[in-house]
Amino acid sequence: MWKLAFTPRWLGGLLLALVFVTGFVALSSWQFNASTSGQVHADTAKDTLRPYTDILKPHEPVTNITVDTVVQAKGSYVAGSSMLVAHRLNDGERGYWVLSEFIPEGTDTVTAQGSTKPRAIVVARAWVKGEGDAPAAIPAEPTGTVEVAGRVVNAQGPTEYKRQQQRILESASPAQLSNLWDTPLYDGVLALAAEVPEGQTIPVTEHHTIAENSTVIGQSQDVRPIRATQAVDDMSVNWLNIFYSLEWLIFAAFALYLWGRMLKDAAHRAAEPAEYTQYFEYEGEYFVDEATGRPYYWDPADKQYYFFDDAPSASSPGEPHTKNKNDRSS
């Protein structure tokens, strides 16, 4: 059988089968990848503290690639800029974010309408406890130079500014705050996990991530760091895609099986040609034509050779003839 397998005809058939196998395996791989394509895993590299200038760029939005990255910046707050954002949870408690205008060192400046202003960062510097009405007082911004560190989170769309007297917003929108503060802003919101005055350093771990014991200035039971985490999508697997993936692998295996089965049948047909003739039964010695591979036998009654063919056909002089079952039984 293996000698027959190395003939050009069967090698060509194997090559064709392998082409199908390759296609089926590729489709299986595609279906398997599709089963988890909706998943977004946490990127540990985003937890490593880095300068804010690596992520926040002038005139550039925060994208899926840069969002959730932890950054640090040194600079100062704009006094009296703080506002609240309602409906924020912290360990299951309802409260507010305190948004403040922060001018980082090394920022660019923007000239508009005859005035030049530095570009600022929207810093969610703390969470304050409260539900319904605003807290009695908005925590004041730290004075002087401070260093801040936290995670860059996506900006939200602007909403109607209903509670102006209480300085309460319904969303953390840099676009809206840019108008309220009358200053150019970077995209995104920096949710703080650590804040220290000048002369102190942000507490970090050996992996250069923000330490769990970090604090913000003025921290208390009712004023806490936000400690935003990476957003992770649904981790479930689409089992229908897994089923399709296995199905394509079965098709690939069947392509190889079909080639092997056809080769086995062809080898058996060559070894026992009389078993496959549809015209008469034959018991005796037979031969194989080297040019065509067709088996034939000698008929002593007719004194000529006949092929074991399944249909009558004319032969050239000197070649074996095709014999019909109505001609003679041997």
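This chain uses plain numbering: 1 for the first residue, then up along the sequence.
- Residues Gln156 and Val189 are not in side-chain contact: their nearest non-hydrogen atoms beyond the backbone lie 4.5 Å or more apart.
- Using a distance-only test at 3.5 Å, with no hydrogens or angles considered, no donor-acceptor pair links the side chain of Glu147 to the main chain of Gln72.
- Counting heavy atoms from C-beta on, the side chains of Ile202 and Ser214 never come closer than 4.5 Å.
- Counting heavy atoms from C-beta outward, Leu256 and Leu18 have side chains that approach closer than 4.5 Å.
- Residues Pro139 and Val98 share a closest heavy-atom pair of CD-CG2, 4.0 Å.
- Considering only heavy atoms from C-beta on, Val152 stays 4.5 Å or farther from Thr66 through its side chain.
- Checking side-chain atoms of Glu105 against main-chain N and O of Ala73 turns up no donor-acceptor pair under 3.5 Å.
- Relative orientation of the Phe24 and Phe20 rings is tilted, given thresholds of 30° and 60° on the angle between their planes.
- For the side-chain hydrogen bond (donor to acceptor under 3.5 Å, both in side chains) test with Lys117, the passing option among Asp182, Thr111, Thr109 is Asp182; the others fail.
- Leu169 pairs in a side-chain contact (heavy atoms from CB on, under 4.5 Å) with only one of the listed residues (Leu177, Thr159, Leu84), which is Leu177.
- Between Val62 and Leu56, the shortest heavy-atom contact is CG2-CD2, 4.2 Å.
- Taking 4.5 Å as the limit, every side-chain heavy atom of Met83 sits out of range of all side-chain heavy atoms of Gln176.
- For Thr145 and Ser76, the side-chain atoms include no donor-acceptor pair closer than 3.5 Å.
- Between Trp127 and Trp97 the shortest side-chain heavy-atom distance falls below 4.5 Å.
- Within a 6.0 Å sphere centred on CG of Leu89, heavy atoms belonging to other residues, nucleotides or ligands number more than 12.
- With Arg167 contributing its side chain and Ser82 its backbone, the two residues share a donor-acceptor pair below 3.5 Å.
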* Assess whether side chain to side chain contact (heavy atoms under 4.5 Å, CB included) is satisfied between Leu190 and Tyr52, documenting all intermediate values. => CA-CA 9 Å; Leu190 179 57; Tyr52 81 95; 6.0 Å; no

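- Between Val223 and Gln219, the closest heavy-atom pair is O-CG, 3.2 Å.
- Side chain of Ser178 to main chain of Ala175: no donor-acceptor pair is present (N/O by atom type, distance under 3.5 Å, no hydrogens or angles).
- If you chain together hydrophobic residues whose side chains sit under 4.5 Å apart, Val123 and Val146 fall into the same group.
- Contact record, Ala211 with Thr205: CA-CG2, 4.0 Å, taken as the closest heavy-atom pair.
- Applying the 6.0 Å contact sphere to OH of Tyr161 captures more than 12 heavy atoms from other residues, nucleotides or ligands.
- A distance-only check finds no donor-acceptor pair linking the side chain of Arg261 to the backbone of Trp259 [under 3.5 Å].
- Residue Leu49 comes nearest to Ala149 through the heavy atom pair CD1-CB, 3.9 Å, listed as atom of the first residue, atom of the second, then distance.
- In this structure, Lys57 does not pair ionically with Asp187, as no charged nitrogen and carboxylate oxygen lie closer than 4.0 Å.
- Expressed to the nearest 0.5 Å, how far CG of Leu99 lies from CD1 of Ile121 amounts to 13.0 Å.
- Annotation for Ala255 and Ala17: closest pair O-CB, 4.1 Å, computed over non-hydrogen atoms.
- Of the N and O atoms on the side chains of Ser81 and Ser100, not one donor lies less than 3.5 Å from an acceptor on the other residue.
- How far CD1 of Ile210 is from OG1 of Thr48: 10.5 Å, rounded to the nearest 0.5 Å.
- Using modelled atom types, one finds a donor on one side chain and an acceptor on the other under 3.5 Å when comparing Thr107 with Tyr186.
- With hydrogens and angles ignored, the 3.5 Å screen pairs a side-chain donor or acceptor of Ser171 with a backbone N or O of Gly157.
- Contact check for Trp248 versus Phe251: side-chain heavy atoms found under the 4.5 Å cut-off.
- Separating the CG atom in Leu258 from the CG atom in Leu263 is a distance of 11.5 Å, to the nearest 0.5 Å.
- Counting only residues at least two apart or on different chains, the salt bridge (Lys or Arg N to Asp or Glu O under 4.0 Å) pairs with a member in residues 193-203 are Arg125-Glu195.
- Environment of CG in Asp54: crowded, with over 12 heavy atoms of neighbouring residues, nucleotides or ligands closer than 6.0 Å.
- Not one N or O on the side chain of Gln31 forms a donor-acceptor pair closer than 3.5 Å with the backbone of Ser28.
- One finds the CE atom of Met262 at 5.0 Å from the CH2 atom of Trp10 (value rounded to the nearest 0.5 Å).
- Lys46 contributes no side-chain N or O that, together with a main-chain N or O of Arg151, makes up a donor-acceptor pair within less than 3.5 Å.
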